[in-house]
There are 2 protein chains.
Amino acid sequence: MERPEELAREMPSASIERLPTYLRALGDLAARGVVGTSSTELADLAGVRPAQLRKDLSYLGSLGTRGVGYDVVRLRDQVGAALGDAQELRVAIVGVGNLGHALANYSGLVARGFTVAALLDASAAVVGQTVAGLVVEDVAGLHGIVQARGVSIVVIAVPGDRAQEVCDAVVAAGVREILSFAPCALQVPPGVELRSVDVGSELQILAFHSRVRQER
Amino acid sequence: MERPEELAREMPSASIERLPTYLRALGDLAARGVVGTSSTELADLAGVRPAQLRKDLSYLGSLGTRGVGYDVVRLRDQVGAALGDAQELRVAIVGVGNLGHALANYSGLVARGFTVAALLDASAAVVGQTVAGLVVEDVAGLHGIVQARGVSIVVIAVPGDRAQEVCDAVVAAGVREILSFAPCALQVPPGVELRSVDVGSELQILAFHSRVRQER
DNA sequence: CGATGTGAAAATTTTCACAGCT
DNA sequence: AGCTGTGAAAATTTTCACATCG
């Protein structure tokens with residue numbers, strides 16, 4: 001409470017991962033002109049329990065008013081600040097295939113305050129093309145581009161058999177935050193934050209539940 | 001051990017979520033012609049600790065040989081079976097925008113044994129077009145298509161403001177496994193398994209770590 | 001009074017360390 | 001001898017329940 005930054009540093013990762021959901025719910029409430037809310041309402045919108053929402057928010061400080069609830073706009077701004085809202089972080093996308101294409105055109109990135117600063121690919125067939133208003137550049141120039149444009153997050157959208165080498169190059173370029181869509185486990189040194197999204201795995205997890213269901 | 005199905009039913013969700021990673025690592029080993037492996041090697045490939053891998057696999061039964069290790073092909077088939085490998089589950093994709101397009105063309109789905117059985121959209125501009133060898137159909141026909149083609153998993157790739165209504169229709173059509181790419185929390189009745197992937201949230205989580213890093 | 005913020009309890013997940021097989 | 005399989009311990013996460021304060 002005395003030092004919010006210290007507390008935020010100790011926020012459990014499980015809580016951190018729910019913040020974006022809360023931020024979105026708060027944005028929706030604000031857009032609807034709702035002024036005040038409660039942990040019950042907000043938790044409902046986010047699909048969690050009220051106590052969990054309160055505990056999660058408590059790591060960011062004392063953001064509500066006892067006996068009253070939360071001010072929607074104020075809370076939105078505070079959660080947004082925790083998520084680096086006003087930072088205008090620059091993102092580079094490596095791999096401009098089907099998925100890279102879709103990501104480059106995804107309005108959600110800009111809507112959440114990110115700037116797509118570069119599109120990179122290894123294939124001569126793609127380099128030079130204009131996608132989402134950006135000219136695709138050669139991945140060989142990764143290091144220089146990251147440095148020159150202040151890229152802080154890189155999205156890896158290349159085939160699995162290229163992902164580790166691209167990942168290594170990204171780390172070597174000094175990037176500390178990586179989001180990978182490659183369907184394989186990537187090795188990163190300590191201090192680098194890697195998150196992975198794999199559509200195939202998600203479907204397989206659903207398939208597991210489907211199979212268990214059938215067995216009964 | 002006496003009743004593997006019962007055990008599988010009790011597998012912790014945290015363990016279930018790691019099975020696809022193990023399966024992929026095993027597939028890679030098999031492709032390289034490796035015959036036997038150990039929990040240490042496999043855990044390394046999957047990015048987890050050996051004890052965790054052994055505990056995870058133990059929920060499926062006693063799959064290795066003490067003092068020796070695991071047979072790669074055998075273990076791959078057993079983990080694959082747990083994930084419904086041979087089931088040839090049918091998937092329908094609702095929303096054929098940028099993302100839906102990319103998903104329809106994603107070779108990883110077929111590679112992991114899924115069949116894309118239908119592409120659906122609400123927009124007249126898209127319905128009737130051929131994407132990835134399939135004609136896009138009107139989402140109004142969802143219920144009939146799901147029933148007629150035995151669709152067991154639906155992927156929701158529509159804009160956030162349409163996601164809940166589509167989700168409700170999908171549930172009403174009898175689907176029990178849903179993967180959503182919508183950037184919002186969806187409400188589903190108990191018994192329906194919903195998984196959510198939100199690229200914006202993933203980036204915001206990375207942004208949180210980036211901000212904490214800068215503060216130090 | 002009423003909803004937040006939070007210690008404490010419960011549940012889940014991870015890690016340890018070694019018994020048990022081959 | 002060596003690696004798996006697994007109870008037990010440790011760590012993390014969730015939930016409870018209530019003191020707290022506007």
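From a predicted model like this one, the values you see are computed outputs, not experimental measurements. Chain identifiers are assigned alphabetically (A, B, ...) following the order of the sequence lines, protein sequences preceding nucleic acid strands; residue numbering begins at 1 within each chain.
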**Request:** Round to the nearest Å and state the distance from B/Leu75 atom CG to D/dC3 atom P.
**Result:** 17 Å
**Request:** Measure from the side-chain N and O atoms of A/Thr115 to the backbone N and O of A/Ala117, and report whether any donor-acceptor pair falls under 3.5 Å.
**Result:** no
**Prompt:** Closer to the 5' end of DNA chain D via nearest nucleotide, is it A/Val68 or B/Ala51?
**Reply:** B/Ala51
**Asked** In whole angstrom, what separates B/Leu63's CG from C/dC21's P?
**Response** 16 Å
**Request:** Report yes if at least one side-chain N or O of B/Tyr70 is closer than 4.0 Å to OP1 or OP2 of D/dG5; otherwise report no.
**Result:** yes
**Complete:** Residues in residues 29-43 of chain B with a heavy atom under 4.0 Å of DNA chain C, by number, are none
**Message:** Pairing donors with acceptors under 3.5 angstrom, does anything connect the side chains of B/Arg112 and A/Gln204?
**Reply:** yes
Distances for protein N/O vs nucleotides 8-13 of chain D N/O pairs under 3.5 angstrom?
from: D/dT13; atom 1: OP1; to: A/Ser13; atom 2: OG; distance (Å): 3.4

**Asked** Judged by atom type as modelled, is there a donor-acceptor pair below 3.5 Å linking the side chain of B/Gln147 to the main-chain atoms of B/Ala173?
**Response** yes
**Prompt:** Hey, are B/Gln164 and B/Asp168 close enough side-chain-wise for a donor-acceptor pair under 3.5 Å?
**Reply:** yes
**Asked** Quick one: B/Asp71 CG to C/dT22 C1', roughly how many Å, whole number?
**Response** 15 Å
**Complete:** With the side chain defined as heavy atoms from C-beta on, B/Thr65 is closest, among C/dC16, C/dT6, C/dT22, to C/dT22
**Message:** Is it the case that the base of D/dG5 and the side chain of B/Arg66 share a donor-acceptor contact (distance under 3.5 Å, atom types as modelled)?
**Reply:** no
**Spacing between B/Leu53 atom CG and C/dC16 atom C1', to the nearest angstrom** = 16 Å
**Asked** So with a 6.0 Å cut-off around CZ of A/Arg74, is the heavy-atom count from everything else above 12?
**Response** no
**Exam field: side chain B/Arg90 to backbone B/Arg149, donor-acceptor pair closer than 3.5 Å** = yes
